[in-house]
Structure formats: structure tokens, C-alpha cells
Student: 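Once you've had a glance at the structure underneath, I'll fire off some questions.
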Number of protein chains: 2
Amino acid sequence: MSETRSDADCAASWCTDDPWCGLTCAVDVLGHKWHPVVVHRLLARGPLGFGDLADDIGAVTNKVLSETLADLEAAGVVDRTVVDDRPVRVEYSLTDDGEALAPAIEALQDWGERYLDD
Amino acid sequence: MSETRSDADCAASWCTDDPWCGLTCAVDVLGHKWHPVVVHRLLARGPLGFGDLADDIGAVTNKVLSETLADLEAAGVVDRTVVDDRPVRVEYSLTDDGEALAPAIEALQDWGERYLDD
DNA sequence: CAGAATCCTAAATGATACTG
DNA sequence: CAGTATCATTTAGGATTCTG
């Protein structure tokens with residue numbers, strides 16, 4: 001449905017023709033306190049509800065988790081699905097773009113683990 | 001010289017025993033506007049002086065570039081060497097930990113390029 | 001349950017000017 | 001050349017309370 005993604009679709013719209021444009025775009029999406037963690041949890045555990053995510057992550061407030069999920073949804077990395085039960089549940093899952101983040105998430109985690117284990 | 005890196009050496013000291021600790025640590029190092037770009041340029045072009053880096057990146061002020069380099073040096077990712085010429089030059093290069101970021105930087109850039117090219 | 005609304009503080013970034 | 005010093009602005013993140 002989406003044709004070519006415009007520069008404006010990337011928060012790094014200030015980066016136009018630099019060789020590192022893709023990099024800044026990716027860091028714009030992941031470079032926040034909880035954004036990479038949410039993607040990590042969805043990669044590891046599959047689709048999760050809001051409360052499940054909150055419980056899993058622990059030290060995040062509902063306001064910030066909500067904003068984080070909204071950001072990731074706006075970026076096209078996360079899908080939000082309302083499951084019409086009673087009470088209503090909402091399920092968050094990764095889009096294809098979200099799943100495609102797996103190698104980057106792993107590379108970052110590998111580096112960080114080695115770094116902390118020096 | 002450094003033994004086991006303590007949690008405090010990682011800005012993500014609030015992350016202690018979570019499975020995603022390495023990830024948050026890596027994002028603490030790279031998750032800023034110019035930090036990943038500096039690492040990218042040093043990976044691509046090798047050691048550079050302050051002015052060379054500034055010219056290469058373009059849209060960064062000397063104040064912010066200076067702070068960025070200080071952060072990366074404090075994190076053990078970049079080395080700062082004063083070359084005693086006249087006038088004095090300063091050369092910035094990647095440490096082993098910095099070079100080890102290459103796979104993560106590439107994975108992020110690859111993702112971003114595909115993302116922008118949808 | 002899944003959040004939205006408010007208020008607040010610290011940190012990130014930038015513009016500009018100046019210095020050893 | 002390679003920064004530092006100020007000042008101003010914006011944003012991220014968090015605490016708390018409230019709601020459909």
C-alpha cells in the first residue's frame with residue numbers, strides 16, 4: 001500500500017543524501033529508552049497485550065509505554081490490533097519492517113554484552 | 001587494564017539483570033543524534049582530525065561534535081590522540097570496542113536504507 | 001484493561017561568540 | 001586548529017491522577 005517512503009516518513013528528515021542516512025533513520029526509530037526494548041520483547045515473545053508488555057518490561061510507566069508503542073506504530077514497526085473480547089484487549093505485534101529489525105537488535109545486544117563483560 | 005566492566009561503566013546502569021541489558025547499553029552509547037554518525041565516519045574513513053570530521057559531517061556544530069567525541073571517548077569507543085605538530089592536530093580513531101560496533105552500525109544502516117526505499 | 005491528561009525536571013541540541 | 005563558554009530552546013522521560 002505504501003509506495004516509496006518519503007523522507008518525511010523518517011524522523012531523520014534532516015538527513016537527505018548523506019551516506020549514513022539509513023543509519024540516522026534507524027537510530028531515530030530505536031534511539032530512545034524503551035523503543036528497542038519493546039521491539040526486543042516482541043521479537044522474543046511474539047504478540048503481546050499492553051499489560052503483558054508492561055509486566056514483562058517492569059520499569060516503564062504506562063504513559064511512556066503508551067507513547068513508545070504509538071511511536072513504533074507510527075513508524076510502521078508495530079501493529080496494534082483491538083481484540084474484541086470483554087474486557088477489550090489490545091494486541092501489539094511486529095510488522096514486516098519490525099521483524100526486519102531482528103539483525104540490528106541482535107548486533108546491538110551482542111556488542112553490549114561483550115562490552116559489559118570486558 | 002580494565003577488568004570486568006561494572007554496570008556503572010554503562011550508562012544503562014538502571015538495567016541490571018534483564019535479558020535486554022546489552023541492548024540498552026548499546027543504545028545508550030549510540031542513541032544520540034551524532035554519535036552513530038561519528039562512528040560511521042571513522043569506520044568508513046579511518047582516523048580523522050576534529051576539523052576533518054566536522055567538514056565531513058557538515059551539519060553539526062563544533063560544540064556538539066566536541067561533546068559527542070567526549071562521550072564516545074568516555075565510553076571507550078573512540079581514542080583521542082594529540083599529534084604534536086605546529087599547529088597542534090588532534091586525531092580521533094576507533095578503539096577495539098569501537099571497531100566492534102561495525103556489525104551493528106551496518107545492520108542499522110541496512111535496515112534504514114530498506115525502510116526508506118519501501 | 002488500556003490508556004489519556006497534567007505537571008514537572010533533566011537532558012539533548014543548537015546558535016553564537018570567544019580563546020590558547 | 002581545536003576547541004570552550006553562554007544562552008536559549010526543545011524534547012524525553014517520569015510521577016501522579018483520572019477515565020471509557
Side-chain angles (χ1 to χ4, degrees), chain A residues 10-15 18 20 24 27-39 41-42 47-75 78-93, chain B residues 10-15 18 20 23-25 27-39 41-42 47-75 78-93:
Chain A
C10 177
S13 52
W14 47 271
C15 168
D18 303 312
W20 57 84
T24 55
V27 173
D28 271 0
V29 172
L30 290 182
H32 305 267
K33 187 161 183 180
W34 300 109
H35 295 212
V37 177
V38 166
V39 175
R41 298 327 292 157
L42 293 177
L48 290 171
F50 186 90
D52 300 321
L53 262 174
D55 290 346
D56 189 15
I57 296 177
V60 63
T61 65
N62 53 2
K63 180 216 166 199
V64 171
L65 179 56
S66 179
E67 286 171 350
T68 297
L69 288 165
D71 282 353
L72 294 174
E73 193 194 354
V78 157
D79 256 343
R80 180 179 185 277
T81 310
V82 178
V83 182
D84 213 347
D85 287 344
R86 203 71 33 101
V88 171
R89 282 191 320 109
V90 178
E91 204 174 68
Y92 293 94
S93 58
Chain B
C10 177
S13 52
W14 46 272
C15 168
D18 301 312
W20 56 85
L23 174 60
T24 56
C25 180
V27 173
D28 270 359
V29 172
L30 291 181
H32 305 268
K33 187 162 184 179
W34 300 109
H35 294 213
V37 178
V38 166
V39 175
R41 297 327 290 156
L42 293 177
L48 290 172
F50 186 90
D52 300 322
L53 261 173
D55 290 346
D56 188 15
I57 296 177
V60 63
T61 65
N62 50 5
K63 180 213 166 201
V64 171
L65 179 56
S66 180
E67 288 172 348
T68 298
L69 287 165
D71 281 353
L72 293 175
E73 193 194 354
V78 157
D79 256 344
R80 180 181 185 275
T81 308
V82 178
V83 183
D84 213 347
D85 288 344
R86 203 71 34 96
V88 171
R89 283 190 319 109
V90 177
E91 204 175 67
Y92 292 94
S93 57

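Residue numbers start from 1 in every chain, and the chains themselves are labelled A, B, ... in the order their sequence lines are given, proteins ahead of strands.
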Student: A/D71: what forms a side chain to side chain donor-acceptor pair (under 3.5 Å) with it, not counting sequence neighbours?
Tutor: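 Partners of A/D71 by the side chain to side chain donor-acceptor pair (under 3.5 Å) criterion, ordered by chain and then number, come out as A/H35.
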Student: Which whole-number value in Å describes the distance from B/D55 CG to D/dA2 P?
Tutor: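 Result: 10 Å.
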Student: At how many degrees, to 10°, do the end axes of the helix from C/dC1-D/dG20 to C/dG20-D/dC1 meet when each uses five pairs?
Tutor: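 Computed angle between terminal axes is 60°.
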Student: Rounded to whole angstroms, how far apart are CG on B/L30 and P on C/dA12?
Tutor: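 Taking atom P of C/dA12 as the reference, CG of B/L30 is at 14 Å.
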Student: Output yes when at least one side-chain N/O atom of A/W34 is less than 4.0 Å from OP1 or OP2 of D/dA12, else no.
Tutor: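 No, because none of the side-chain N or O atoms of A/W34 sits under 4.0 Å from OP1 or OP2 of D/dA12.
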Student: Mind calculating the distance between CG (B/D52) and P (D/dC1) to the nearest angstrom?
Tutor: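 Checked: the CG to P distance equals 9 Å.
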Student: Closest-nucleotide mapping onto DNA chain C: is A/V90 or B/H35 further toward the 5' terminus? I mean the 5' end.
Tutor: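 Result of the comparison: A/V90.
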Student: Tell me whether the side-chain N/O atoms of A/R89 come closer than 4.0 Å to OP1 or OP2 in C/dG3.
Tutor: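 Answer no for this pair, as no side-chain N or O of A/R89 is under 4.0 Å from OP1 or OP2.
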Student: Quick check: do B/L65 and B/F50 have side-chain heavy atoms less than 4.5 Å from each other?
Tutor: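 Yes - at least one pair of side-chain heavy atoms lies under 4.5 Å apart.
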Student: With salt bridge (charged side-chain N to carboxylate O under 4.0 Å, His left out) as the rule and sequence neighbours excluded, what pairs involving residues 51-67 of chain B come up?
Tutor: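 Sorted result for residues 51-67 of chain B: B/R41-B/D56, B/R45-B/D56, B/K63-B/E67.
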Student: Within the 4.0 Å heavy-atom criterion, would you say A/V88 contacts the bases, only the backbone, or no part of the nucleic acid?
Tutor: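 The residue A/V88 makes sugar-phosphate contact but no base contact.
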Student: Would you say A/I57 and B/D18 make side-chain contact, with heavy atoms under 4.5 Å?
Tutor: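 A side-chain contact is absent here, since even the closest heavy-atom pair is not under 4.5 Å.
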Student: Whole angstrom is fine here: how far is it from NZ in B/K33 over to C1' in C/dA15?
Tutor: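 Whole-Å distance recorded here is 13 Å.
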Student: Residues in side chain to side chain contact (heavy atoms under 4.5 Å, CB included) with B/V27, at least two apart?
Tutor: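 Expected list: A/P36, A/L108, B/L23.
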Student: Taking side chain to side chain contact (heavy atoms under 4.5 Å, CB included) as the test, write out the residues that go with B/T81, two or more places apart.
Tutor: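 B/T81 satisfies side chain to side chain contact (heavy atoms under 4.5 Å, CB included) with no residue once adjacent residues are dropped.
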Student: Rounded to the nearest Å, what distance is computed from the CD atom of residue A/E67 to the P atom of nucleotide D/dT16?
Tutor: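 Value for this atom pair: 17 Å.
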Student: Who pairs with A/R80 by side chain to side chain contact (heavy atoms under 4.5 Å, CB included), at least two apart in sequence or on another chain?
Tutor: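 A/E73, A/V82, A/V90, A/Y92.
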Student: Without decimals, in angstroms, what is the distance between A/L53 CG and C/dA2 C1'?
Tutor: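 Going from CG in A/L53 over to C1' in C/dA2 covers 12 Å.
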Student: Mind checking side chain to side chain contact (heavy atoms under 4.5 Å, CB included) for B/S93 and listing every partner two or more places apart, or none if nothing turns up?
Tutor: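 Here the qualifying residues are B/P47, B/D79.
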Student: Provide, to the nearest angstrom, the distance between the CG atom belonging to B/L65 and the C1' atom belonging to D/dC1.
Tutor: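 That distance rounds to 13 Å.
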Student: At less than 4.0 Å, is any side-chain N or O atom of B/Y92 found next to OP1 or OP2 of D/dC1? Yes or no.
Tutor: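 Looking at the OP1 and OP2 atoms of D/dC1, neither is under 4.0 Å from any side-chain N or O of B/Y92.
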Student: Atom CG of B/L48 and atom C1' of D/dC1: how far apart are they, to the nearest Å?
Tutor: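 Value for this atom pair: 15 Å.
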Student: Can you check whether A/V39 reaches A/V29 side chain to side chain, under 4.5 Å on heavy atoms?
Tutor: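 The answer is no; the side chains never approach within 4.5 Å.
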Student: Scan nucleotides 16-20 of chain C against the protein and return all N/O pairs shorter than 3.5 Å with their distances rounded to 0.1 Å.
Tutor:
none

